[in-house]
Amino acid sequence: MRVLVVDDEKNIRDSLGKYLGLEGMKTRGAENGEAALAMLESESFDAVILDLRLPGMNGQEVLEQIEKRGISSPVIMMSAHGEIPDAVRALKRGAGDYLVKPFDPSELAIKLRALVENRRRENIVEARKRTTGSETMLLGQSPAMLGISRDIDRIACVDVTVLVTGESGTGKEVAAREIHARGPNRDEPFVAVNMGGIHEGLMESELFGHEKGSFTGAMGRKTGLFELAGGGVIFLDEIGEMSMPLQVKLLRVLQERKIRRLGGISDIPVKARIISATNRDPEAMVREGRLRGDLYYRLNVFRIVMPPLRERKEDIPLLAGHLLSQSGRPRYTVAPRAMEKLMSWSFPGNIRELENILERARIYCRDYVIQPEDIDLHGSPAAPVMSVPVVSAPVFPEPPSAPLPEEPPAVSPLDMVEKDAITRALAACGGNRTKAAELLGISRRTILNKIRIYGLK
Ligand SMILES: Nc1ncnc2c1ncn2[C@@H]1O[C@H](COP(=O)(O)OP(=O)(O)OP(=O)(O)O)[C@@H](O)[C@H]1O
Ligand SMILES: [Mg+2]
C-alpha cells in the first residue's frame, strides 16, 4: 500500500513515514499542495494523508484539485483542534475521513486500511453493476479439459496476458473466470467487457472513463472499467469485433500499462491482468488485416484453446448433471437412452446449446426423467457459431496523427510470441530457468536453447 503524506512539517512527514513503514506501508512525503498534486499525477497512491493547514494552497483547496483532476486516491484530512469544523467541511467535500492532531498513529493505520478496503469494495460493486456474467466453475474430466485445468493452474499465479480462443459456447468466459478464481487476486474484481458490443466512442469512455464535460453529454466524471478492475482481471471478450481505432488504443494500454480518462490530465496505472477471448481465428484475422499483428502478439502471450464439446463427449453426462441441478427445482435426470441421443449429437453451439436443449427437455418431460423424445436436437436455434456485435462498430481508417511503431520484424511473429512468453516466464520465476521451463511446460534443454537463440539473459 502506497501512501502520500502531505504536511509542511518535516518531522511529521518523517515520523508518520516511519510508523506506517512499520505497518508495512510505503510512504512518500510532499511539503505543499503543489508538490502533492504533481506527485499524484505522475505516480499512483492508494491513499493520501493531507494536512488542512499548508503554506500556499491549503488542504481544502488541494482536496478540491484532487477531485477536479480525477485523482481517485482516497484522502484522510489532518487538522488541529480548532479546525474541526473545517475538517468536517472537508468530509462533505469528498475527504474519506479525518484525524485531529495530535493523534495516535495506530488510529491512522486503521483508518487508512479501512478507507482503502472500502474503496476496493465500492469498485467491486460498481464493476459488478456494469458487467454481467455467470459464475460457473469449469467442469470437465476429459483429457482435453484436464489439460486446460492444468494450464490454468500454471498461469493463475503469474501475471501473463492470456488469450482464450474456441468456438462459441465452449466456455471461454468460464475459463477466464477460473484463471481469476484460482489466482492470488481472486478477491479483486473480474470485469468482463464485450469489445464488439457498443459503439466505439462509447466504448472508449466505458473502458477508460471520462472527466466531466470531456465530450458532449459527459455529465459527470466516470471511472473506466480498466480502473474499476483494480488488481483483478479485465476480460476483453470478442476482440475479433474491435474497430481499428479501438485496437490502436488497446495496444497503447498494453504497451504502456496505463490509461488516461477522456479529458483527463493524469495517467492511471493499469494493474489488472488482461485476458481476452474470441471465437474467431485470430491468426487468420491478422493475415487478413482485420486484427493488428502487434496487438495480437501482446494479447496472445499465453494461449488457451477451448475444445468443442463434440471432441470431449465424455464430459456430456457431467455437464448435463450440473446444468440440470442448477434449476433449483426437483432434480431432473437423463434416462440412459436419452443420454445416448445426446452423446450422438455434434453440438455446433457447444455447451450453451446443451444448456438450451436441456432447458427445453425439462419443459417437455413429465416425471423428472428426461426421455429421448423430450430431446429436440434440431428445433433449437443453436448458439450461432460466429457472434455478431449488437451494434457493429464503424471501421475508420487509422488516424494519420497516431502512427504506432510496429515491432521490427526481425523474428517471425510466432517467434515473438515465444520470446515474449519466455521473457515473462523468466521474470516471473526470478530468472530461474528450470522453474521457467516448468511453467511453460517445456524441457530445460529447450528453454536453454531458446534463451540462446533469442539472446535472452
Ligand atoms: N466447463 C464448463 N462447465 C460448466 N459450464 C460451462 C462450462 N463451459 C461452459 N459452460 C456454460 O456454457 C455456457 C457458455 O459458456 P461461455 O459463455 O463461457 O462460452 P463462450 O465460449 O464465452 O461463448 P461465446 O463465444 O458465445 O461468448 C455458459 O452458460 C457456461 O456457464
Ligand atoms: Mg463468451
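Counting from 1, the numbers follow the sequence of the chain as shown. One-based numbering, in listed order, for ligands and for the atoms of each. Both backbone and side-chain heavy atoms feed into the values below; hydrogens, waters and symmetry mates do not. Note that this is a predicted model, so its numbers are computed, not measured.
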message: Is it the case that ligand 1 has an N or O less than 3.5 angstrom from some N or O of G169?
response: yes
task: State plainly whether the residues R113 and E23 are in salt-bridge range, i.e. N to O under 4.0 Å.
output: yes
V174 N/O under 3.5 Å from ligand 1 N/O: yes
- prompt: Which bit of N279 is near ligand 1, meaning a heavy atom under 4.0 Å away: side chain, backbone, both or neither?
  reply: side chain
field: E355, R352, M306: member with heavy atom nearest to atom 17 (O) of ligand 1
entry: R352
- prompt: Taking atom types as modelled and ignoring hydrogens, do the side chains of N118 and R121 form a donor-acceptor contact shorter than 3.5 angstrom?
  reply: no
query: Does any N or O atom in K172 lie less than 3.5 angstrom from one in ligand 1, N or O only?
result: yes
- request: Select the closest option to atom 10 (N) of ligand 1 among L318, I351, I148, judged by heavy-atom distance.
  value: I351
query: By number and element, which atoms of ligand 1 are closer than 4.0 Å to a non-hydrogen atom of L319?
result: 2 (C), 3 (N), 4 (C)
- request: For ligand 1, find out whether one of its N or O atoms is nearer than 3.5 Å to an N or O atom of D237.
  value: no
- prompt: In ligand 1, which numbered atoms sit nearer than 4.0 Å to a non-hydrogen atom of E173?
  reply: 18 (O), 22 (O)
task: Test S168 against every option in R280, R352, E353 by the side chain to side chain contact (heavy atoms under 4.5 Å, CB included) rule and name the one that passes.
output: R352
message: When you compare the side chains of N449 and R452, does any donor N or O come within less than 3.5 Å of an acceptor on the partner?
response: yes
query: Just by distance, with hydrogens left out, do R260 and S266 show a side-chain donor and acceptor under 3.5 Å apart?
result: no
- prompt: For ligand 1, which atoms have a heavy atom of E238 less than 4.0 angstrom away?
  reply: 27 (O)
message: With nothing but distance in play, are any N or O atoms of R312 less than 3.5 Å from an N or O of ligand 1?
response: no
message: Just to check, does M137 reach to within less than 4.0 Å of ligand 1 when the distance is taken from its heavy atoms?
response: yes
field: From CG (L319) to NZ (K313), nearest 0.5 Å
entry: 13.5 Å
query: Stepwise, does the side chain to side chain donor-acceptor pair (under 3.5 Å) test hold for S142 with D315?
result: CA-CA 6 Å; S142 56; D315 285 337; 2.6 Å; yes
- request: Taking atom types as modelled, find out whether T434 and R444 have a side-chain donor-acceptor pair closer than 3.5 angstrom.
  value: yes
- prompt: Can an N or O of G171 be found at a distance shorter than 3.5 Å from an N or O of ligand 1?
  reply: yes
query: Where does the angle between the aromatic ring planes of Y332 and Y368 fall among parallel (under 30°), tilted (30 to 60°) and perpendicular (over 60°)?
result: perpendicular
